[in-house]
Amino acid sequence: MLPHTANPAELLHDDGENHVPTTSDPLQRIDSHYENSSGHFLLKQRLFVNKQYASLYTERLKRMKARVSAAAVAKWGDSVDIKKLSEIDIDTICCVVGTLFKHMTLKPSILKEVSGEHNLPPQPIKANYTDESDRLILEDELQRISLVGVIDVKTNISGVVLAVKGMQRDDGKFEVLDYCLPGFPKQLPYPSLSNDKYIVIVSGLGFGSNADCLFSVQMMIDFITGYIGSNDVQSFNQAVCRVIVAGNSISHNTQEKECVSKAKYLTKKALPSSVESMNTLDEFIFQLVKSVNVDVMPGKYDPANHTMPQQPLHRCMFPKSSQYASLNLVTNPYSAGIDGVRILGTSGQNVDDIMMFSESTNTLEVMDDTLKYGHIAPTAPDTLSCYPYYDEDPFIMSDCP
């Protein structure tokens with residue numbers, strides 16, 4: 001059993017702030033070529049004034065329409081008749097490319113949140129907002145139309161650009177006979193590696209929770225840095241060329257909402273629990289950066305901006321770890337190339353949001369679906385908060401990781 005201590009960071013090794021790596025370190029890492037390709041996720045300007053989200057949908061459709069049209073031709077043949085909604089005729093089979101919108105009765109709405117002023121019952125908090133009354137709508141540059149037929153309302157989500165094949169009915173709805181997603185983006189050639197190399201991905205550390213497993217964390221650190229394990233294990237660990245901390249390093253328990261409602265003089269001398277949690281995280285990262293390159297992504301509960309893409313955590317939050325060039329603070333989503341192998345990932349907000357507004361329950365299947373959509377976060381900005389881009393959509397996948 002671990003001894004009780006007032007500061008959880010004391011349970012992690014601390015060799016001093018001025019430690020300089022030497023050849024006496026347990027492992028000599030295999031070199032690898034690294035390229036950070038997340039530059040398009042960095043915000044060039046942070047101006048929210050006079051910005052509307054409609055521009056983001058317009059840009060998404062504009063950039064993905066050619067790819068979806070090509071996928072439709074590949075699936076249905078060159079004879080497929082691709083039209084705009086304003087050009088379709090009743091009972092005439094054609095193909096339309098547009099953005100899918102899912103009308104959901106239970107979807108959270110700011111208008112419903114203020115319904116208490118009218119003595120209406122508050123909207124219930126749910127883990128999933130799907131309902132039998134949900135329906136799908138297709139929008140193009142000019143119009144929108146309700147979809148019925150061979151398209152599953154339960155598993156499809158808002159924001160996906162797709163092609164539907166069918167006909168318009170007398171009641172004004174579009175009868176879908178089949179539909180086509182953009183499909184996987186082009187696959188980059190896989191490089192030929194002379195030696196096996198590994199990447200360690202860690203997420204959900206949750207420092208600051210009521211059940212900190214610091215002993216398990218320390219065991220993991222000692223394993224990666226080569227302080228424990230046989231010679232064979234250490235030989236394997238030498239091939240670990242990078243560690244990616246993929247968000248949610250801080251527990252949701254550190255989100256102290258009570259401090260917001262209290263008077264400032266009552267919380268003037270109070271130290272937020274998130275500060276202690278960040279110190280513990282710094283101790284954790286500090287031990288790793290002395291031995292291996294570490295990429296730190298922000299997550300839902302970490303001290304970063306809430307909207308996607310989340311910007312890198314500030315270096316001042318890592319007073320010890322930031323002394324090392326091996327610390328790399330990155331965005332969420334995060335894209336990088338390691339020896340020619342492209343890696344793309346998020347801290348999970350996009351997957352959680354898709355599962356909340358569809359009946360998909362398998363996380364891996366949802367991740368696979370995002371590749372088929374050709375888009376990292378299709379539900380942004382409808383239900384997933386994101387920056388109001390007006391001339392680009394950085395979440396579109398140009399190639400397949």
| said: Walk me through whether D339 and K197 qualify under side chain to side chain contact (heavy atoms under 4.5 Å, CB included). | reply: CA-CA 9 Å; D339 284 341; K197 297 181 181 180; 2.5 Å; yes
| request: Any chance you could measure Q234, atom CD, to Y227, atom OH, to the nearest 0.5 Å? | output: 10.5 Å
| message | Checking Q287 against Q218 for the side chain to side chain donor-acceptor pair (under 3.5 Å) test, could you report, in this order, the C-alpha distance in whole Å, the side-chain angles of both residues, the deciding distance, and whether it holds? | response | CA-CA 10 Å; Q287 295 180 66; Q218 188 60 57; 3.1 Å; yes
| Judged by atom type as modelled, is there a donor-acceptor pair below 3.5 Å linking the side chain of E59 to the main-chain atoms of L56? | no
| field | Working for side chain to side chain contact (heavy atoms under 4.5 Å, CB included), residues F318 and M278 | value | CA-CA 8 Å; F318 302 91; M278 282 303 301; 3.9 Å; yes
| Counting only N and O atoms by type, is there a donor-acceptor contact under 3.5 Å from the side chain of D140 to the main-chain atoms of V96? | no
| query | Is atom NZ of K62 surrounded by more than 12 heavy atoms (other residues, nucleotides or ligands) closer than 6.0 Å? | reply | no
| remark: To the nearest 0.5 Å, atom OG of S133 lies from atom CE of M104 at 8.5 Å
| Under the 3.5 angstrom rule, does the side chain of D302 hit a backbone N or O of G299 as a donor-acceptor pair? | yes
| Are the side chain of Q187 and the backbone N or O of C400 linked by a donor-acceptor pair below 3.5 Å? | yes
| field | Sequence neighbours excluded - ring-ring contact (aromatic ring centres under 6.0 Å, His included) pairs with any residue from residues 166-191 | value | none
| said: Between V296 and V294, is there a side-chain heavy-atom distance shorter than 4.5 Å? | reply: yes
| task | Apply the test side chain to side chain contact (heavy atoms under 4.5 Å, CB included) to residues Y34 and N293: give CA-CA distance (whole Å), side-chain angles for both, the deciding distance (0.1 Å), then the verdict. | result | CA-CA 10 Å; Y34 168 76; N293 291 300; over 6 Å; no
| request: Identify the heavy atoms of V202 and L205 that sit nearest to each other, and give their distance. | output: CG1-CD2, 3.5 Å
| query | Is there a donor-acceptor pair closer than 3.5 Å between any side-chain N or O of T379 and the backbone N or O of D353? | reply | no
| query | Checking side-chain contact (heavy atoms from CB on, under 4.5 Å) against M367, which of N362, T346, V351, I354 comes through? | reply | V351
| field | side-chain contact (heavy atoms from CB on, under 4.5 Å) partner of Y373, the single match among V161, I157, I396, L162 | value | I157
| Taking all non-hydrogen atoms of both residues, which atom of I88 and which atom of C94 are closest, and how far apart? | CG2-SG, 3.5 Å
| Can you tell me how far OG1 of T58 sits from OH of Y53, rounded to the nearest 0.5 angstrom? | 14.5 Å
| Between R242 (side chain) and D295 (backbone), is there a donor-acceptor pair under 3.5 Å? | no
| Option passing side-chain contact (heavy atoms from CB on, under 4.5 Å) with I376 (candidates T370, D393, L344) | L344
| said: Donor-acceptor check, side chain of D352 to backbone of Q349, threshold 3.5 angstrom: yes or no? | reply: no
| For the residue pair P333 and M308, what are the closest heavy atoms and their distance? | CD-CE, 3.9 Å
| said: Could you check whether any side-chain heavy atom of I338 comes within less than 4.5 Å of a side-chain heavy atom of I199, counting everything from C-beta outward? | reply: yes
| query | Of the non-hydrogen atoms in R60 and G159, which two are nearest, and what is the gap between them? | reply | NH1-O, 3.0 Å
| field | Q311 (side chain) donor-acceptor with L43 (main chain) under 3.5 angstrom | value | yes
| task | Return the minimal non-hydrogen interatomic distance between L136 and D152, and the atom names on each side. | result | CD1-O, 3.9 Å
| Cationic N near anionic O, under 4.0 Å, K65 to E141 | yes
| message | Using a 6.0 Å distance limit plus a 45 degree cone around the ring axis, check whether K290 lies over the aromatic ring of F286. | response | yes
| note | Closest non-hydrogen contact found for L329 with P312 is O-CB, 3.5 Å
| request: Evaluate the criterion side chain to side chain contact (heavy atoms under 4.5 Å, CB included) for residue pair S158 and F357; output intermediate values, then yes/no. | output: CA-CA 9 Å; S158 294; F357 294 95; over 6 Å; no
| message | One pair to check against side chain to side chain donor-acceptor pair (under 3.5 Å): S230 and D232. What are the steps and the verdict? | response | CA-CA 5 Å; S230 62; D232 293 338; 4.9 Å; no
| query | In terms of ring plane angle, is the pair H375 and F395 parallel, tilted or perpendicular, where the classes change at 30° and 60°? | reply | tilted
| Ring centres under 6.0 angstrom apart (F236, Y198) | yes
| query | Counting only N and O atoms by type, is there a donor-acceptor contact under 3.5 Å from the side chain of E359 to the main-chain atoms of T155? | reply | no
| message | Closer than 3.5 angstrom, by distance alone: can the side chain of S37 be matched with the main-chain N or O of S335 as a donor-acceptor pair? | response | yes
